[in-house]
Novice: 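Below you will find the structure I want to go over with you.
In what follows, every chain begins at residue 1, and chains take the letters A, B, ... in the order their sequences are listed.
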Amino acid sequence: MLTIPFIRANSEITIQGLRKKHVANASDIVGQLIAMDDQRKSLLQQAESALEISNVAAKEIGTLMQSGQKELAEGKRAETAALKGTIKEKEEAAKAAEKQMLDLLVTLPNLPHSSVPEGKTAEENEVVLTWGSLPKMEADAQPHWDLIKKYDIIDFDLGNKITGAGFPVYKGKGARLQRALINFFLDEAIKVGYYEIQPPILINEDSGFGTGQLPDKEGQMYVTKEEGLFLIPTAEVPITNLYRDVIVNEKELPIKNVGHTPCFRREAGSWGAHVRGLNRLHQFDKIEIVQIHKPETSYQALEEMSLHVQGLLQKLNLHYRVLRLCGGDMGFASALTYDMEVWSGAQNRWLEVSSVSNFETFQANRLKLRTKVEGKSILCHTLNGSALALPRIVAALLENNQGPDGIKIPEILVPYTGFTHIN
RNA sequence: AGAGGGGUGUCCGAGUGGUUUAAGGAGCACGCUUGGAAAGCGUGUGUAGGUCUCAAGCUUACCGAGGGUUCGAAUCCCUUCCCCUCUACCA
């Protein structure tokens with residue numbers, strides 16, 4: 001969430017930024033917000049000055065009562081009783097004005113960083129770099145949805161039976177490959193200083209608001225019927241919300257956390273072409289890295305996180321590219337996002353396997369996540385990224401490494417899997 | 001899940017309608033003291049909003065959260081969340 005003081009002081013920058021993110025009527029909205037805030041302030045002032053009078057009178061009544069001057073006290077009481085209505089009325093009006101302002105404010109996305117390219121769709125994302133080369137594929141190379149059947153390692157039919165579409169069952173070497181990747185990714189993160197967290201995978205409404213999933217995107221999450229809790233769409237939500245309503249000691253920054261969780265996404269209405277097999281699921285495993293920084297170090301951290309993710313892909317020997325997302329393709333809360341895509345040899349296309357973002361103060365403002373610098377409390381910057389999401393990595397590994405003696409496991413994973421081939 | 005007891009500042013903890021302007025202690029910061037340290041002494045020590053060019057000052061709200069009663073609420077009432085004890089259940 002953007003802050004009102006920022007918008008007031010930088011209304012032109014705000015309008016330009018919102019336009020880059022393709023918010024319609026950006027200029028009108030900013031004008032409305034400032035007007036609503038003016039109204040809020042003026043009502044608040046009226047309420048507070050009435051309150052002040054009433055507080056002073058209440059104190060006088062107290063003193064009079066104690067010294068036994070009942071008649072004087074009664075007179076005062078009648079006087080202040082009349083104020084009650086005004087106070088309540090002004091307070092309610094101020095609260096209503098604030099709510100109106102917040103309701104509008106929470107619908108605004110974060111402003112993009114200056115390096116974010118203009119553009120509306122994924123085609124306009126900027127390719128930052130490409131690593132490796134196209135895997136040499138045989139003419140009869142099979143897509144992963146055929147390979148998983150051939151080797152009987154991931155079973156969609158069984159998932160359909162026990163749950164529904166998009167909930168595959170991993171079996172035998174399929175399950176072991178999953179476990180190997182999870183441990184590999186966690187170990188690599190711990191090696192470079194991340195602290196491992198195992199958070200709950202159900203979260204409450206406040207947490208959903210803190211990281212920006214609510215109030216807008218509840219349609220993407222599964223909800224429990226009795227308690228109204230949400231199944232997490234990403235570990236970003238619980239791990240970042242650990243710091244909700246926290247003033248972090250400056251000495252503890254930066255904070256670097258990593259966690260593995262299953263992720264649940266309803267993906268309502270997004271099924272169709274290009275989502276076969278492992279390409280899009282309702283439940284999948286992901287290792288998430290989350291960092292909390294002082295503003296001046298957050299962009300350096302973003303680059304480090306990007307390099308960390310790239311290191312994982314290089315160790316797995318996957319041909320990948322890095323994209324800088326354009327204004328129209330970026331997430332709601334992000335100021336700058338890099339997507340990492342791996343080449344899928346049999347599908348002949350790029351698959352997104354990671355998204356690394358700096359949210360600057362956007363989440364921190366919702367979370368009330370602050371630190372103190374020279375005695376003043378300031379909002380922290382939050383960042384996160386997938387390192388990595390499993391299904392598409394598995395898809396690419398299966399497709400790119402298929403051969404006559406089965407699917408070859410990358411060397412670095414063999415100590416984790418305990419086998420060299422799936423055959 | 002049932003019965004009972006709780007939730008107060010960074011922490012411990014007092015406070016059952018009006019000098020509470022949240023006592024007292026610990027911690028922390030700064031200063032004095034010291035060869036240095038400890039002890040001791042002194043001062044300070046939350047968050048958010050408003051006012052203000054800045055600062056100071058003034059002011060409003062905040063005692064788990066939300067609402068109510070009252071001239072006045074940490075204190076009384078209602079709702080709700082969380083913790084503890086016992087019982088029940090359970091990996």
Novice: Rounded to the nearest Å, what distance is computed from the NZ atom of residue A:Lys88 to the P atom of nucleotide B:C71?
Specialist: 12 Å
Novice: Partner of B:C30 by Watson-Crick or G-U wobble geometry, both contacts under 3.5 Å, or none?
Specialist: B:G42
Novice: Where the side chain of A:Lys95 is defined as all heavy atoms beyond and including C-beta, which of B:G49, B:G67, B:U51 is the nearest nucleotide?
Specialist: B:G67
Novice: Please check if any side-chain donor atom of A:Ser334 sits under 3.5 Å from a side-chain acceptor atom of A:Thr337, or the reverse.
Specialist: yes
Novice: Please report the distance separating the P of B:C12 from the corresponding atom of B:G64, rounded so that it comes out in whole Å.
Specialist: 13 Å
Novice: Go through B:G18, B:G50, B:A61 for me and flag the one nearest to the A:Leu51 side chain.
Specialist: B:A61
Novice: Nearest whole Å is fine: how far is B:C58 C1' from A:Glu52 CD?
Specialist: 8 Å
Novice: Base, sugar-phosphate, or nothing for A:Ile61, non-hydrogen atoms under 4.0 angstrom?
Specialist: base
Novice: For a quick test of reading the model: is some side-chain N or O of A:Gln45 closer than 4.0 Å to OP1 or OP2 of B:U51?
Specialist: yes
Novice: Is there a side-chain polar atom (N or O) of A:Lys59 under 4.0 Å from OP1 or OP2 of B:G72?
Specialist: no
Novice: Is the phosphate of B:G72, meaning OP1 or OP2, less than 4.0 Å from a side-chain N or O of A:Asn55?
Specialist: no
Novice: What nucleotide, of B:U51, B:U47, B:C71, holds the atom closest to the side chain of A:Arg370?
Specialist: B:U47
Novice: Using a heavy-atom cut-off of 4.0 Å across all strands, would you classify A:Thr63 as base, sugar-phosphate, or nothing?
Specialist: nothing
Novice: Are A:His293 and A:Tyr299 an aromatic pair by the rule of ring centers under 6.0 Å?
Specialist: no
Novice: Measuring to OP1 and OP2 of B:U70, would you say a side-chain N or O of A:Lys84 lies under 4.0 angstrom away?
Specialist: yes
Novice: I want to check one thing: is the phosphate of B:G46, taken as OP1 and OP2, less than 4.0 Å away from some side-chain N or O of A:Lys372?
Specialist: no
Novice: Within the structure, does a side-chain N or O atom of A:Ser49 lie under 4.0 Å from either OP1 or OP2 of B:U60?
Specialist: no
Novice: Atom CG of A:Asn204 to atom C1' of B:G66: distance rounded to whole Å?
Specialist: 16 Å
Novice: Quick one: which of B:C71, B:U60, B:A48 gets closest to the side chain of A:Glu48?
Specialist: B:U60
Novice: How close or far is atom P of B:U51 from atom NZ of A:Lys41, stated in whole angstroms?
Specialist: 5 Å
Novice: So what does A:Lys76 touch, heavy atoms closer than 4.0 Å: a base, only the sugar-phosphate, or nothing?
Specialist: nothing
Novice: Are OP1 or OP2 of B:G50 and a side-chain N or O of A:Arg40 less than 4.0 angstrom apart?
Specialist: yes
